[in-house]
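First the structure, in the form of structure tokens, and then the observations on it.
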Amino acid sequence: MGRLTILFLSFLLLKVNGYSQSVADCKSKVFQDSLVQVYSEKAWKFGYNHPQWQASWDSLLAICPDIAMAYREKAIPYLKNGDYAKAFQLEDKAVELDPESWIAYRAFLHCIFTKNYERALVDFERAEKLVPKAYIMDHTYSFYKGLSCLGLEEYDKAEQALLLDIAQQHEKSANNDTHFNSFLYLGIVYYEMKEYVKAEKVLKDCLRLYEQLPEANYYLALTFKKTGNAMATQYLEKAKEYLQLGYKINEDNEFYANYPKQISLSDINNK
Amino acid sequence: MKFFTILFCLVSNILFAQNFVLPQGEYMDTTSVFHSDCAPPYAIYYYQVQAKYPVSSPALLTEARAFLKQNSNSIESSGYITFRFFIDCKGSMSRVQVLQTDENYKTTHFPKEYVNSLYLFVKTLDKWPTQLQIQNIKNINYIAFISFKIKNGQVDNIIP
């Protein structure tokens, strides 16, 4: 009798174990989001340079292999450490799975991290069609298109893109401040176009918002040099002083990569 | 001084140039050199200690182009050549990995002579931030990299 009871209980347990496993509903957005939340917390306990970062996201992908964000997260350490082959293989996968969410981000990486301005423009064009008038990393798509055209020395296109960027910032409220870096890059574009009056005006607008920005002081000094304005020396000195005090382009990703036309002390000392 | 550094690099490269393929990747130099005053070689990255090379990308680009004009043959390829290395607390570079991709970020190989020329240039960089601290660790060493974006055989940009 005792043996029969044990056998009966064993069958009961087997049944419970056999049928208790829930089925992953990888198509459900709610399920995907909850997975991302759980595995993101696991990954961030270690940070993205720890092997457990990759292991955490791989565990998620073992459950649902089509969650784009996991590929994007896996790419982070490779990107920040200069391994572009691995980084972009993963970024491409994220874009393939969910272009609406990730193509603008990849465009941003092309523009700021790898200075691949042609690819950045292609991706931003596609991003604009998929999600019009959106922002990525604090700026409009047009801002980065302006930077990319500046990098390619296509100044007319850069001017148009940066004017669009500024216009977009005022669409919701005319009273919005323009981002100082929009003014900075428009000023640099005008300087490169030899439009010195416009360059002076826009760079001064930039300095009204961020007086210590070394690049704005530096390019205003160069503009004044071209127009024979004696204030050139004063602004060059300001650029040097603020750089030495640690002021710089105020962008989150500046820690990892230099922004276009970003200066260092050697640029000032050589003038 | 810079002339002698370049001369030394040229001579030492002819004599000692290394190109090692290890399971972890391809290396120009597999030796690890850390001054005795430095902390152990933890995996600390340049961006954790604000240690980007303190010369702007355009200024470095000008220097690199001038260097290559004298020290390399022309090529026609495009893509990225990245050197990733340790900088010890005194500014010495060692354990230099090389990563190469085409313009679509697919792994490739550039002509070895050209890679060596860029490596020689990287070894002339002598302004790396030194004697840095993170949390309570003093005199840290850190991992940094320099990438060359090559467009039709010309150095088109320098990253970071």
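In what follows, chains are A, B, ... by sequence order, proteins preceding strands, each numbered from 1. In what follows, every heavy atom counts, from backbone to side chain, and hydrogens, waters and symmetry copies are set aside.
With a 6.0 Å radius and a threshold of 12 heavy atoms from other residues, nucleotides or ligands, Asn269(A) has its CG atom above the threshold. Gln24(B) CD: more than 12 foreign heavy atoms inside a 6.0 Å radius. When the shell of 6.0 Å around CD of Glu241(A) is examined, it contains more than 12 heavy atoms from other residues, nucleotides or ligands. With a 6.0 Å radius and a threshold of 12 heavy atoms from other residues, nucleotides or ligands, Lys90(B) has its NZ atom above the threshold.
Proximity to chain B (any heavy atom under 4.5 Å) is shown, for Tyr256(A), by both the backbone and the side chain. With a 4.5 Å cut-off on non-hydrogen atoms, Lys86(A) does not touch chain B at all. Heavy atoms of Asn116(A) lying under 4.5 Å from chain B belong to its backbone as well as its side chain. Residue contact with chain A, scored on non-hydrogen atoms closer than 4.5 Å, involves the backbone and the side chain of Ser57(B) alike. For chain B, the nearby part of Phe113(A) is the backbone; its heavy atoms alone come within less than 4.5 Å. Gln100(B) does not touch chain A: none of its heavy atoms, backbone or side chain, sits under 4.5 Å away. In this structure, chain B has heavy atoms under 4.5 Å from both the backbone and the side chain of Asn258(A). For chain B, no part of Ile268(A) is nearby; none of its heavy atoms comes within less than 4.5 Å. Heavy atoms of Gln89(A) lying under 4.5 Å from chain B are absent altogether. Only the side chain of Pro58(B) comes within less than 4.5 Å of a heavy atom in chain A; its backbone stays farther off. Of the atoms belonging to Asn104(B), heavy atoms from both backbone and side chain fall under 4.5 Å from chain A. Heavy atoms closer than 4.5 Å to chain A are found nowhere in Phe83(B), neither backbone nor side chain.
In this structure, Tyr46(B) and Lys80(A) approach most closely via the heavy-atom pair OH-O, 3.7 Å. Residues Tyr45(B) and Asn81(A) share a closest heavy-atom pair of CD2-OD1, 3.1 Å. Counting all heavy atoms, side chain and backbone alike, Arg119(A) lies closest to Glu103(B) at NH1-O, 3.7 Å. Closest non-hydrogen pair, Asn157(B) versus Lys115(A), comes out as ND2-CB, 3.6 Å.
Interatomic distance, Lys106(B) NZ to Phe88(A) CZ, rounded to the nearest 0.5 Å: 10.5 Å.
A donor-acceptor contact shorter than 3.5 Å links the side chain of Ser264(A) to the backbone of Ser56(B).
Counting heavy-atom pairs closer than 4.5 Å to chain B, the top-ranked of the candidates Asp83(A), Thr114(A), Asn270(A), Ile112(A) is Thr114(A). Counting heavy-atom pairs under 4.5 Å between each of Asp156(B), Asp102(B), Thr108(B), Leu99(B) and chain A puts Leu99(B) at the top.
In summary, the side chains of Asp92(A) and Tyr105(B) do not present any donor paired with an acceptor at a separation below 3.5 Å, with no hydrogens or angles considered.
Classified by interplanar angle (parallel below 30°, tilted 30° to 60°, perpendicular above 60°), the ring pair Tyr48(A)/Tyr47(B) is tilted.
With salt bridges taken as basic N to acidic carboxylate O contacts below 4.0 Å, one links Glu254(A) and Lys52(B).
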Does the side chain to side chain contact (heavy atoms under 4.5 Å, CB included) test come out yes or no for Tyr84(A) and Ile159(B), once each step is laid out? CA-CA 12 Å; Tyr84(A) 304 133; Ile159(B) 303 161; 3.5 Å; yes

